[in-house]
Amino acid sequence: MPIFFINTFLFALAAFLIDSLQDFGKFSPGALLMLYAVYLLYFAVFCNLTLIVSALSKNSSIALVILLGIWMLSCLGAPKAAANFADALYPYPSRQEFLAEVNKDKEKGLNGHNPWSKEAQQLEKEVLKKYKVDSLSQLPFNFDGYLMQKGEEHEAEIFFKHYALLKAQYQNQSTIYRALAWVSPFLPTRFLSMAIAHTDYQAHWNFADAAEKYRVALQKALNDNFAENSKYGDWEYQADKSLWKSIPKFSYEPPSLGFILQENLSNLIVLLFWLGVSFAGLYFISQKL
C-alpha cells in the first residue's frame, strides 16, 4: 500500500508541475494516466514476488538475499543481456562508419559509378537541349538555383538511403527485445514507459522524419524562388517578405496514445502475463500454507 500512495502522489505532482509549465509542449493527461497504470502493474508484480519469496523463506535474511538476486537479474542483468544480444545480431554502424558510407555515395553516386559531378554535367546538357538554347544565360530561369535544388534532392536521397538502413536495424533489434521481454517484467515496463513518454527510438525517427521533410520543402521553396526570380550568375538576389510569408510554420503531431499502445501490444501482454503468473503463484502459496 505505501508504494501505491507514493506512486500516486508522484504522478499527481508530475501532472501538476507539467501542466503549470509554459511552452512545455503537448501534455497528454491520458498518456500520463496510462504510464501511471503501467507502473502500478510493474510494482504489483514485484510486490507479489516479494510475498511469495517471503512466504517460502525460513527467515527474513534469506528472503532479502533472494529478492536482491531477483532484482539484480531482472532489472540489471536481463536488460544488459538483451541489449548486448540484439546489438550482436544487428549492430548499428559507428558515426565514423555511417559518415564514411555517406561520403562514399556522394563521391561515387548511389549506383557506385555515377557521382553528382557527372550527373550535374549531364543535367546541364539535357536542360540546354530541352529549351533549345546554346548557353545557360539564355534559359528562362536561373540554372544555378535549379542545379542547387537538384543537388539538394540528390544529397537528401543519399541520407534517406542510409537512415533507412538504420531504421531497419532498429526494427530488427526491436524484434529481439520483444522476444526477450518474457525474461523479466522490467523489460516490457521499460519499453512501454519509453513509448508512452515519447523517449524511444520510434518517437525520435517520427520527429526526425517530419523535420527532414520540412527542411527539404523549405529548401525547395528557396531554390525555386531563386531560380524563377533571378538571372544566371546573379548571386546578389534576395527574396522579399512574401516568400517567407508563403512558407508554413513547422508543425509536428506525435502519434496518438492508441497508436502507441497498438504498436506495443506485445509488451503490454507480457506485463499482464507476469502479473497473472505472480498472482497465481501467490494464490497457490497462500492455499498451500
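In this structure, the ring of F5 has its center no less than 6.0 angstrom from the ring center of F9.
A side-chain donor-acceptor contact under 3.5 Å links S28 to the backbone of A31. Put simply, the side chain of Q138 gets close to the backbone of D134: a donor and an acceptor are under 3.5 Å apart. Between the side chain of S57 and the main chain of N59, no donor-acceptor pair closer than 3.5 Å is present. Side-chain N or O atoms of N264 include one that pairs as donor or acceptor with a backbone N or O of I260 at under 3.5 Å. Side chain of T199 to main chain of A195: no donor-acceptor pair is present (N/O by atom type, distance under 3.5 Å, no hydrogens or angles). With hydrogens and angles disregarded, a donor-acceptor distance shorter than 3.5 Å links the side chain of S286 to the backbone of Y283. In terms of modelled atom types and a separation under 3.5 Å, the side chain of S278 and the main chain of L275 share a donor-acceptor contact.
Other residues, nucleotides and ligands contribute more than 12 heavy atoms inside 6.0 Å of the OH atom of Y170. Heavy-atom contacts from other residues, nucleotides or ligands closer than 6.0 Å to NZ of K106 number more than 12. In the displayed structure, Q287 atom CD is contacted under 6.0 Å by more than 12 heavy atoms of other residues, nucleotides or ligands.
Relative ring orientation between F98 and H162 is described as perpendicular, the plane-to-plane angle rising above 60° on a 0-90° scale split at 30° and 60°. Ring geometry, W205 versus Y163: the interplanar angle exceeds 60°, so the pair is classed perpendicular (tilted spans 30 to 60°). Taking the six-membered ring for Trp and thresholds of 30 and 60 degrees, Y42 and F46 have ring planes more than 60 degrees apart, a perpendicular arrangement. Ring geometry, F11 versus Y36: the interplanar angle exceeds 60°, so the pair is classed perpendicular (tilted spans 30 to 60°).
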Which donor-acceptor pairs under 3.5 Å do the side chains of residues 73-92 make with protein atoms, sequence neighbours left out?
unit_1	atom_1	unit_2	atom_2	d
S74	OG	I70	O	2.7
S74	OG	W71	O	3.4
N84	ND2	K80	O	3.3

Under 3.5 Å, sequence neighbours excluded: what are the donor-acceptor pairs made by side chains of residues 249-257?
unit_1	atom_1	unit_2	atom_2	d
E253	OE2	K26	NZ	2.4
S256	OG	F259	N	3.3

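Atom CZ of F226 sits about 9.0 Å away from atom OH of Y237, to the nearest 0.5 Å. Atoms CG and CG, from L261 and N267 in turn, are 10.5 Å apart once rounded to the nearest 0.5 Å.
Not counting sequence neighbours, F279 has no partner by the ring-ring contact (aromatic ring centres under 6.0 Å, His included) test.
Donor-acceptor pairing under 3.5 Å is lacking for the side chains of Q173 and Q169.
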### Task
Apply salt bridge (Lys or Arg N to Asp or Glu O under 4.0 Å) to the pair D209 and K167, showing each step before the final yes or no.
CA-CA 11 Å; D209 288 345; K167 291 178 184 178; 2.6 Å; yes

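A salt bridge links R215 with E152: at least one charged nitrogen is closer than 4.0 Å to a carboxylate oxygen. The residues K231 and D144 are annotated as not salt-bridged, no charged nitrogen and carboxylate oxygen being separated by less than 4.0 angstrom.
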